[in-house]
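Below is one structure, written out as structure tokens, with a few remarks after it.
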Amino acid sequence: MSEESENVEAVSQPRYEQIVAELRSAASRLPQAQFTIGDRALEIEPMGPGSAPVQSSAWTVKQSLTRLARDIGLPVTTVEQARWTASRWPADRRRKTESFTVHQVLARIDDIAERFAAIDSLPGGKTHWTLDDARRRVGTQTMMPLPPVTAPRPPAQNQCSPSR
């Protein structure tokens with residue numbers, strides 16, 4: 001076997017497999033980290049019915065979340081989105097097998113029962129949701145559109161006139 005086929009770019013195949021295992025482990029912790037950010041932001045700035053902020057002091061929600069974001073070194077939009085998503089998914093309704101982003105997309109389903117049922121109803125016999133599947137479920141644009149379903153073509157008609 002040549003050295004070229006034993007490497008994946010600049011690393012050996014065994015090192016590549018170590019990297020993949022390490023990153024799978026790290027990636028599996030991402031949803032929990034994002035939900036933790038959202039949960040703590042909710043603790044600082046609770047949300048009322050219909051995802052409306054609960055105003056409790058002279059500080060505005062934006063000021064509180066901006067300060068929190070600055071203090072933890074994240075963009076305020078990341079904290080705001082994590083807070084909103086966490087508000088839509090109580091801890092006992094979150095699925096560890098699904099990404100935070102899938103939860104975030106499915107959080108757009110307004111009806112609570114429908115939202116909770118949706119995450120448990122895997123699309124088309126799949127073992128987990130993809131981002132595109134979640135986007136299709138809520139009716140937003142996907143990254144990879146499904147190919148159009150086409151009707152079978154009728155057999156071609158002979159356009160030549162019979163020769164005499």
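Side chains included, hydrogens not; waters and symmetry mates left out as well; all remaining heavy atoms used.
Distance alone, capped at 3.5 Å, is enough to place a donor-acceptor pair between the Ser64 side chain and the Thr60 backbone. Proximity of a side-chain donor or acceptor of Ser87 to a complementary backbone N or O of Trp84 within less than 3.5 Å is detected. Using a distance-only test at 3.5 Å, with no hydrogens or angles considered, a donor-acceptor pair links the side chain of Arg83 to the main chain of Glu45. A donor-acceptor contact shorter than 3.5 Å is absent between the side chain of Glu114 and the backbone of Asp111.
The nearest pair of heavy atoms linking Val102 to Ala134 is CG1-CB, 4.2 Å. The minimum heavy-atom distance between Leu65 and Val79, with the atom names listed, is CD2-CG1, 4.1 Å.
The structure places CD of Gln104 at 9.5 Å from CG of Leu131, a figure rounded to the nearest 0.5 Å. Annotation: the span from Asp39 atom CG to Arg94 atom CZ amounts to 4.0 Å, rounded to 0.5 Å. Within the model, atoms CZ of Arg95 and CZ of Phe116 stand 9.0 Å from one another, a figure rounded to the nearest 0.5 Å. The structure places CZ of Arg88 at 11.0 Å from CG of Leu106, a figure rounded to the nearest 0.5 Å. In this structure, the separation between CZ on Arg40 and CD1 on Ile44 is 9.5 Å, given to the nearest 0.5 Å. A distance of 15.5 Å separates CZ in Arg137 from CG in Asp132, rounded to the nearest 0.5 Å.
The six-membered or imidazole ring of Trp89 lies away from that of Phe35, with a centre-to-centre distance of 6.0 Å or more.
Residues Leu30 and Leu23 are members of separate hydrophobic clusters, defined by side-chain heavy-atom contacts under 4.5 angstrom among Ile, Leu, Val, Met, Phe, Trp and Tyr.
Between Arg108 and Arg115, the closest side-chain pair of non-hydrogen atoms is not below 4.5 Å.
In summary, the side chains of Ser28 and Arg24 do not present any donor paired with an acceptor at a separation below 3.5 Å, with no hydrogens or angles considered. No hydrogens or angles considered: a donor-acceptor pair under 3.5 Å links the side chains of Gln13 and Glu17. For Thr36 and Gln32, the side-chain atoms include at least one donor-acceptor pair closer than 3.5 Å.
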Acceptor/donor pairs from residues 121-129 side chains to any protein atom, 3.5 angstrom cut, sequence neighbours excluded:
| unit_1 | atom_1 | unit_2 | atom_2 | d |
| --- | --- | --- | --- | --- |
| Ser121 | OG | Ala117 | O | 2.9 |
| Lys126 | NZ | Asp133 | OD1 | 3.2 |
| Lys126 | NZ | Asp133 | OD2 | 2.9 |
| Trp129 | NE1 | Ile119 | O | 3.2 |

- Task: Check step by step if side chain to side chain contact (heavy atoms under 4.5 Å, CB included) holds for Arg135 and Thr130.
- Result: CA-CA 9 Å; Arg135 286 178 172 160; Thr130 66; over 6 Å; no

- Message: Working note: Ile19 + Arg15, criterion side chain to side chain contact (heavy atoms under 4.5 Å, CB included); need CA distance, chi angles, decisive distance, verdict.
- Response: CA-CA 6 Å; Ile19 291 169; Arg15 177 62 184 139; 3.6 Å; yes

- Task: Go through the steps for Thr66 and Arg70 under the test side chain to side chain donor-acceptor pair (under 3.5 Å), then give the verdict.
- Result: CA-CA 6 Å; Thr66 299; Arg70 184 187 65 236; over 6 Å; no

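Other residues, nucleotides and ligands contribute only 12 or fewer heavy atoms inside 6.0 Å of the CD1 atom of Ile112.
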